[in-house]
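Since this is a predicted model, take the numbers as computed values, not measurements.
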Amino acid sequence: MNIELIKGDITKIEADAIVNAANSSLLGGGGVDGAIHRAGGKKILDECIEIRNRQGKCKTGEAVVTTGGNLPAKYVIHTVGPVWNGNEEKGSKLLANCYINSLKLAESLDVKIIAFPNISTGIYRFPKELAAKIAIDEVKDFTSEIIEKVIFVCFDDENEKIYRKLLEE
Ligand code: AR6
């Protein structure tokens, strides 16, 4: 899989799927979650509510899919990152699961291009450097016959710098 780094707003990205850093309620929130629901429209929330009614909340590290609504992306994969609580081992495993489960779900949908935000590094306060290392390691370790490109979309300067450095190594 090719890896690309973009600085900007994930709601503008033309990919088959974009990933949302959601919360377990799946009912929207702030940060990238708020931006995706605002730009994508009501259809995304309606499908999230259907998923809630079917399976209950989405557990940390797991992923579900909805339409992209009004977004350029066909699908939104909603994953729930861990809230940082200082437990590096447990948090790292859960964050890795977000990337793995999103990629697996994308494969099942025949997604060729997928874009990830920097999951958990905003409101959930996960250390940015560690989160970036986990994201890049998991994507590099994931071999796929279906997914051709993974785009890391960094919104803030700090994340962009960290990703650029790690990807150049
Ligand atoms: N495009 C790309 N990245 C963005 C955008 C955007 N439009 N907006 C923010 N980011 P956060 P979390 C970056 O807080 O830490 C929500 O309320 C941001 O700079 O969105 O996983 C949910 O409902 C940061 O690097 O998600 C949950 O309750 C990254 O996205 C909670 O926040 C993640 O920041 C999840 O917290």
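Of the possible donor and acceptor atoms, one in the side chain of Asn23 sits under 3.5 Å from a partner among the backbone N and O of Gly28. The backbone N or O of Lys90 lies less than 3.5 Å from a partner atom in the side chain of Asn87, making a donor-acceptor pair. The closest donor-acceptor contact from the side chain of Asn20 to the backbone of Ile36 lies at 3.5 Å or more, if one exists at all. Judged by distance alone, the side chain of Ser24 and the main-chain N or O of Lys59 form no donor-acceptor pair under 3.5 Å. The backbone N or O of Ala22 sits nowhere less than 3.5 Å from a side-chain atom of Asp33 that would complete a donor-acceptor pair. Formation of a donor-acceptor pair under 3.5 Å by the Thr60 side chain with backbone atoms of Pro82 is not found in this model.
Contact of the His78 side chain with the Cys58 side chain is not registered, since no non-hydrogen atoms from C-beta on lie closer than 4.5 Å. The shortest distance between side-chain heavy atoms of Met1 and Val139 falls below 4.5 Å. Using a 4.5 Å heavy-atom threshold, the side chains of Thr79 and Asn101 count as separate. Contact annotation: the side chain of Ile18 never approaches that of Ile114 to less than 4.5 Å [non-hydrogen atoms, C-beta and beyond]. Looking at heavy atoms from C-beta onward, Ile3 lies in side-chain contact with Phe152 at the 4.5 angstrom threshold. Inter-residue side-chain proximity for Leu130 and Ser92 is flagged as met; some heavy-atom pair is nearer than 4.5 Å. In this structure, the side chains of Phe116 and Val150 come closer than 4.5 Å at one or more pairs of heavy atoms. Residues Leu109 and Tyr75 have side chains in contact (heavy-atom distance under 4.5 Å, counting atoms from C-beta outward).
Atom OH of residue Tyr99 and atom CD1 of residue Ile136 lie 9.0 Å apart, to the nearest 0.5 angstrom. Note that CG of Leu105 and CD1 of Ile100 are 13.5 Å apart. Values are rounded to the nearest 0.5 Å. How far NZ of Lys7 is from CZ of Phe155: 8.0 Å, rounded to the nearest 0.5 Å. Atom CD1 of Ile77 sits about 12.0 Å away from atom SG of Cys98, to the nearest 0.5 Å. Atom NZ of Lys42 and atom SG of Cys48 lie 12.0 Å apart (nearest 0.5 Å). To the nearest 0.5 Å, atom CD1 of residue Ile113 and atom NZ of residue Lys149 are 5.0 Å apart.
Partners of Arg164 by salt bridge (Lys or Arg N to Asp or Glu O under 4.0 Å), not counting sequence neighbours, listed by chain and number: Glu160. In this structure Asp141 satisfies the salt bridge (Lys or Arg N to Asp or Glu O under 4.0 Å) test with no other residue, sequence neighbours excluded.
Closest approach of Ile44 to His37, counting heavy atoms only: CG2-CE1, 3.6 Å. The minimum heavy-atom distance between Asn118 and Cys154, with the atom names listed, is OD1-CA, 3.5 Å. Across Ala131 and Ile119, no two heavy atoms sit closer than the pair CB-O, 4.4 Å. Residues Val83 and Arg125 approach most closely at CG1-NH2, 4.2 Å, considering heavy atoms. Between Val153 and Gly8, the shortest heavy-atom distance links the atoms CG1-O, 3.4 Å. Of all the heavy atoms in Ala106 and Ile147, the pair that sits closest is CB-CD1, 4.1 Å.
Residues Ile123 and Leu94 do not share a hydrophobic cluster, clusters being chains of Ile/Leu/Val/Met/Phe/Trp/Tyr side chains in contact below 4.5 Å. Connection of Ile162 to Leu167 is established within a shared hydrophobic cluster, with ILVMFWY side chains joined at heavy-atom distances below 4.5 Å, either directly or through further cluster members. In this structure, Leu103 is a member of the same hydrophobic cluster as Val19, with clusters built from ILVMFWY side-chain heavy atoms closer than 4.5 Å. Placement of Val76 and Val64 in two distinct hydrophobic clusters is found when ILVMFWY residues are connected by side-chain heavy-atom separations under 4.5 Å, directly or transitively.
Ring pair Trp84/Phe126 is perpendicular by interplanar angle, where above 60° counts as perpendicular and below 30° as parallel.
In Glu14, the CD atom is not crowded: 12 or fewer heavy atoms of neighbouring residues, nucleotides or ligands sit closer than 6.0 Å. Within 6.0 Å of NZ on Lys112 lie more than 12 heavy atoms contributed by other residues, nucleotides or ligands. Within a 6.0 Å radius of CD in Glu169, more than 12 heavy atoms belonging to other residues, nucleotides or ligands are found.
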key: Check against salt bridge (Lys or Arg N to Asp or Glu O under 4.0 Å), Glu47 and Arg54   = CA-CA 11 Å; Glu47 285 189 26; Arg54 210 165 50 231; over 6 Å; no

query = Step by step, would you call Ile146 with Val111 a side-chain contact (heavy atoms from CB on, under 4.5 Å)?
reply = CA-CA 7 Å; Ile146 295 162; Val111 161; 5.8 Å; no

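Between Asp157 and Lys161 no salt bridge is recorded (no basic side-chain N to carboxylate O distance below 4.0 Å). Classification of Lys12 and Asp9 as a salt-bridged pair holds, one side-chain N sitting under 4.0 Å from a carboxylate O.
A donor-acceptor contact closer than 3.5 angstrom links the side chains of Ser144 and Glu107. A side-chain donor from one of Thr121 and Asn159 sits under 3.5 Å from a side-chain acceptor of the other.
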